[in-house]
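Right, one structure below, let's go through it.
Treat the numbers as computed from the prediction; the structure is a model and nothing was measured. Just so it is clear: chains get the letters A, B, ... in the order the sequence lines come, proteins before strands, and each one is counted from 1.
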There are 2 protein chains.
Amino acid sequence: MRQQKSVSMADVARVAGVAKSTVSRAFIHPTLVAAPTRERIRRIADEMGFRPSRVARALSTGRTGLLGLVVPTLSNPFFGPLVAAVQQAAEEEDRQIVLMISELSAERETRLIERLSSEVDGLIVATSLCGDPFLRKVAKRIPLVLVDRRVGRLPSVLIDTPSGVAAIADHLIGAGHRRLCYVSGPPGSWADAPRIAALRGRAEESGADLVVAGPIPPTVDAGIEVSETVAKAGVTAVIGYNSATVLGLLHGLGTQGVRVPEDVSVASADDFILFQSTKPAVTVLRLPLEEAGHAAVGMLARLLRGERPGKPVVLGPELLIRESTRPPG
Amino acid sequence: MRQQKSVSMADVARVAGVAKSTVSRAFIHPTLVAAPTRERIRRIADEMGFRPSRVARALSTGRTGLLGLVVPTLSNPFFGPLVAAVQQAAEEEDRQIVLMISELSAERETRLIERLSSEVDGLIVATSLCGDPFLRKVAKRIPLVLVDRRVGRLPSVLIDTPSGVAAIADHLIGAGHRRLCYVSGPPGSWADAPRIAALRGRAEESGADLVVAGPIPPTVDAGIEVSETVAKAGVTAVIGYNSATVLGLLHGLGTQGVRVPEDVSVASADDFILFQSTKPAVTVLRLPLEEAGHAAVGMLARLLRGERPGKPVVLGPELLIRESTRPPG
DNA sequence: TTGAAAGCGCTAACAG
DNA sequence: CTGTTAGCGCTTTCAA
């Protein structure tokens, strides 16, 4: 049954001529052990290559040191950096990440969270398909932090894209643009309404016009198609829903002889690594994914310590101004 | 210390009026328990909401049910699908994935693997920075499967890109192209030599010419720059190292008035989701990442059962022929 | 400041 | 087929 003949606390204790409990204390509550003893134990443990068993510790403390992270997919470039950030932040707390990918299925999502919830200390959920009531229920049983989703007063880390989109508008209007276009995402996207509201607000304040094109699917093709509409709308600047849309716009406008940015400025509400090296480089919103990951782990750690999680953290995207946007005319 | 008042086996045993061990057996070795007893136990366990403690089981069996997965980054679109596939395959074996991201640092990679190796049942390593001797050492202590890397005779799942690149050449040459260009990756990329060898082989067999451009950095910019060279090389078809390179080529050739595919056919040795919806859609190699993930988990499972892992699995990429390649002229 | 002892919840001999 | 009995390796009272 046993296979690994790894060094246990008992072994260290024997060699050091002390009780197991003293060895344990030397690591967990160093202050409770006389300095010389402690150092000797540590040295011996080290020499013997002692590695405390997480499993045994987990059984006795009731905590595994594992955090569950649930994301909908890794194909969307939104989630890679988030996962990476969460993993790194967890590492700093000496915790590990158990990753689950729901593949955009609500049923799967629910099932995975259900299972995970009984095997980790806490959960970070960055998915949108499972129901609110379900999440509320899970949060009762286990510390839970939501990312980019709001469910009642559950602890959460939010990314305020509307304010980022507004920042794009400010930048554009500030540069002198008077007619802007927003190309919206797929029909029913919950992200669009607040963005459009924010844009309208900015437009009204400054007396600029706002044209909304779409909704269209978030694909390059759809972006290419919609570029005709955009070209005819008589706008001098366009903001695209996401990177695929913008890629399509760039291409579509190009083939219609509309130059970017000379004729029309283009910005993306979504970052995409290649946008920094396209010609022209595209003005984008950099989503604070790293920050979000760290914040989520921090919040979860607080919950696990029994502290109050604090208010939802709201992170603003950063506007990266590049060649694709400039004053009109 | 205790916090969750979850139902334990002892509880179930008491209610069912049997010994703990019988409850245990009812789940682990169902055949060793009389059918009626077994069913009664299961029903009661179910009603009580019993969930066996993985931790306790781990302590007693020495196996945690966790698999470690180490990848270099999630920014490269190569790894997202791989991670997803590994997670899914693991799930089917009722195992969970502990994910580590080395962020392309050899030192970090070594450290992570070192730590992970004492906390999971087995390891899947899809990184290239840590040293061969180190991996050999780790593999002695814990079942280990390599992905897209070969170290001695360690179990591994390989993706045979050279044969895929050769398939592109066959396709092109078969269509009548006589002068091909391969745009290679970054200086020192270990991937290039075998690809170029494969291409040369095909070219010689068929009496076609092969021009190698580069090495260049795997970026859009570099792709744009190199497109001048390509345009002047008098080739009718070009194969790019990866998606960024090809994106650059597409753009660069376009601005030089070289039409794709009318004047030059273009193919990518690397898939990229947007290539199916660009104009023209690009002929690519689809890397069998899902298959690789499944194969790796399967192989690891075999190792964990004490079976021989079998020979390295070699997976061939699939050639997806699209609009960007066609007969010359 | 240290030791002894009692678990944590489960699995796996070994009896019966 | 089922019960009894030891642990797995660690943390944590409780005493000394």
### Message
Mind checking if Ser24(B) touches a base, just sugar-phosphate, or nothing, with heavy atoms under 4.0 Å?
### Response
base

### Message
Please compare Phe50(A) and Gly17(B) by the position of their nearest nucleotide in DNA chain D and report the one closer to 5'.
### Response
Gly17(B)

### Task
Taking the side chain as every heavy atom from C-beta outward, state whether Glu103(B) and Gln88(A) have any atom pair closer than 4.5 Å.
yes

#### Entry: Integer-rounded Å distance: dC8(C) C1' and Arg54(A) CZ
18 Å

### Query
Of the non-hydrogen atoms in Glu93(A) and Ala301(A), which two are nearest, and what is the gap between them?
OE1-CB, 3.4 Å

### Task
Provide, to the nearest angstrom, the distance between the NZ atom belonging to Lys20(A) and the C1' atom belonging to dA5(C).
9 Å

## Note on the structure
The nucleotide from dT2(D), dC10(C), dT2(C) with an atom nearest the side chain of Thr22(A) is dT2(C)

### Query
Which distance, rounded to the nearest 0.5 Å, do you find between the CD1 of Ile97(B) and the CG of Leu69(B)?
5.5 Å

## Note on the structure
Those stems involving DNA chain D that have three or more consecutive Watson-Crick or G-U pairs, both distances under 3.5 Å, are C:1-16 with D:1-16

### Task
Hey, could you give me the CG/CG distance between Leu303(B) and Leu123(B), rounded to the nearest 0.5 Å?
11.5 Å

### Message
Please find the pair of heavy atoms, one from Val12(A) and one from Met48(A), that lie closest to each other, and give the distance.
### Response
CA-SD, 3.9 Å

### Query
Are Glu107(A) and Arg111(A) within salt-bridge range, i.e. N to O under 4.0 Å?
yes

#### Entry: Nucleotide nearest Ala19(B) when distance is taken to its side chain, options dG7(C), dG9(C), dT4(D)
dT4(D)

#### Entry: Strand-adjacent residues in residues 28-44 of chain A, judged by heavy atoms under 4.0 Å from DNA chain D
Ile28(A), His29(A)

### Message
Students often get this wrong, so: under 4.0 angstrom with heavy atoms, is Phe27(A) touching a base, only sugar-phosphate, or nothing?
### Response
nothing

### Message
If you count heavy atoms of other groups shown closer than 6.0 angstrom to CZ of Arg153(A), is the number above 12?
### Response
no

### Query
Of all heavy-atom pairs between Ala16(A) and Ile41(A), which one has the smallest distance, and what is that distance?
CB-CG1, 4.4 Å

### Message
What's Val18(A) touching, base or sugar-phosphate or nothing? Going by heavy atoms closer than 4.0 Å.
### Response
sugar-phosphate

### Query
Hey, what do you get for CG (Asp11(B)) to NZ (Lys20(B)), rounding to the nearest 0.5 Å?
11.0 Å

### Query
Reckon Ser8(B) touches a base, only the sugar-phosphate, or nothing at all at heavy-atom distances under 4.0 Å?
sugar-phosphate

### Message
Side chains of Arg150(A) and Ser156(A) only: does a donor on one sit below 3.5 Å from an acceptor on the other?
### Response
no

Can you check nucleotides 13-16 of chain D for protein contacts, nitrogen or oxygen pairs under 3.5 Å, and list what you find?
unit_1  : atom_1 : unit_2   : atom_2 : d
dT13(D) : O4     : Arg25(A) : NH2    : 3.3

#### Entry: 4.5 Å side-chain heavy-atom contact, Val120(A) and Arg63(A)
no

### Task
Could you check how far CZ of Arg57(A) sits from P of dG9(D), rounded to whole Å?
14 Å

### Query
Between dT12(D) atom P and Met9(A) atom CE, what is the distance in whole Å?
11 Å

